[in-house]
Amino acid sequence: MAAVAQCVRAALRPRYPLLSFSLRTSPRLLCVATQQKNTGQNLEEDQSQSQNEQKVEPSSAEKMLTEEKAKLEEQLKEVTDKYKRALADAENVRQRSQKLVEEAKLYGIQSFCKDLLEVADILEKATESVPKEEIKDENPHLKSLYEGLVMTEVQIQKVFKKHGLLRLNPVGAKFNPYEHEALFHAPMEGKEPGTIALVSKIGYKLHGRTLRPALVGVVKDA
């Protein structure tokens, strides 16, 4: 075979020197091609590895962003909860303040009303102390005085009612410790136990709140 190759090269050298040269150098060209092929494969492997690394790096970044998002959402939730609690506390304070203002308006005259109750008690005793049989036309001065006392008592009760102050005259009613103060307990025929048989002093309520309990005598079992 070597002899045949030499004969071919000898025959072709004068006429086709380039072809003859290529035949001589073909093993080297094959080697270079092989190296280039291997180099190309290595380049493809490097590119593939680089792509894989690039794929890994975005995944890590995405993980960091996810963690950061979770932290921010947690912080937002905490801030929202604090904001809602602050709003609720502010609303509670507002309602309590409003209630205190309303109570102050309603019961701010409480002390003043207690002082006026003494005046009402005196007027009531004055009208009760006048002998009814003496109130005649023959006694015009006494009659005018009595009528003036009655009119004054009626007028003061109208003023009390206008400002939410009402009388408590609970004769025959059930005893209520929130509205009545028992002076004594005594058995009485024809009276139901636990009811009020006698009122010693009229009580009063201011806007539904007991301002002064009525002083009463309560029926008990015989």
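Every heavy atom of this structure was used, including side-chain atoms; hydrogens, water molecules and symmetry mates were not.
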Report yes if the side chains of Val130 and Leu142 come closer than 4.5 Å at any heavy-atom pair, otherwise no.
-> yes

Glu153 side chain near Glu124 side chain, heavy-atom distance below 4.5 Å = yes

Work out which heavy atom in Ala197 is nearest to a heavy atom in Val171; give both atom names and the distance.
-> O-CG1, 4.4 Å

Step through the shown structure and confirm whether more than 12 heavy atoms of other residues, nucleotides or ligands are within 6.0 Å of NZ on Lys191.
-> no

Flag the pair Arg209 / Gln110 as yes when at least one side-chain heavy-atom distance between them is below 4.5 Å, and no otherwise.
-> yes

Any salt bridge between Glu138 and Lys143, counting N to O under 4.0 Å?
-> no

Would you say His207's side chain and His163's backbone share a donor-acceptor pair under 3.5 angstrom?
-> yes

Tyr204 to Ala120 - nearest heavy-atom pair and separation | OH-CB, 4.0 Å

Is the closest basic N to carboxylate O distance between Lys125 and Glu128 below 4.0 Å?
-> no

Report the residues that fulfil side chain to side chain donor-acceptor pair (under 3.5 Å) with Asp89, sequence neighbours left out, ordered by chain and then residue number.
-> none

Does any non-hydrogen side-chain atom of Leu166 lie less than 4.5 Å from one of Lys161?
-> yes

Is the closest side-chain heavy-atom distance between Tyr146 and Thr127 below 4.5 Å?
-> yes

Lys136 atom NZ, neighbour heavy-atom count above 12 within 6.0 Å | no

Check whether any side-chain heavy atom of Leu165 sits under 4.5 Å from a side-chain heavy atom of Leu116, and report yes or no.
-> no

Flag side-chain contact, heavy atom, 4.5 Å: Tyr107 against Leu206 | yes

Within a radius of less than 6.0 Å around CD of Glu133, do more than 12 heavy atoms belonging to other residues, nucleotides or ligands occur?
-> yes

Over all heavy atoms of both residues, which pair between Pro193 and Lys174 is shortest? Give the atoms and the distance, please.
-> O-NZ, 3.7 Å

Is the closest side-chain heavy-atom distance between Leu149 and Leu123 below 4.5 Å?
-> yes

Classify the ring geometry between His180 and Phe175 as parallel (under 30°), tilted (30 to 60°) or perpendicular (over 60°).
-> tilted

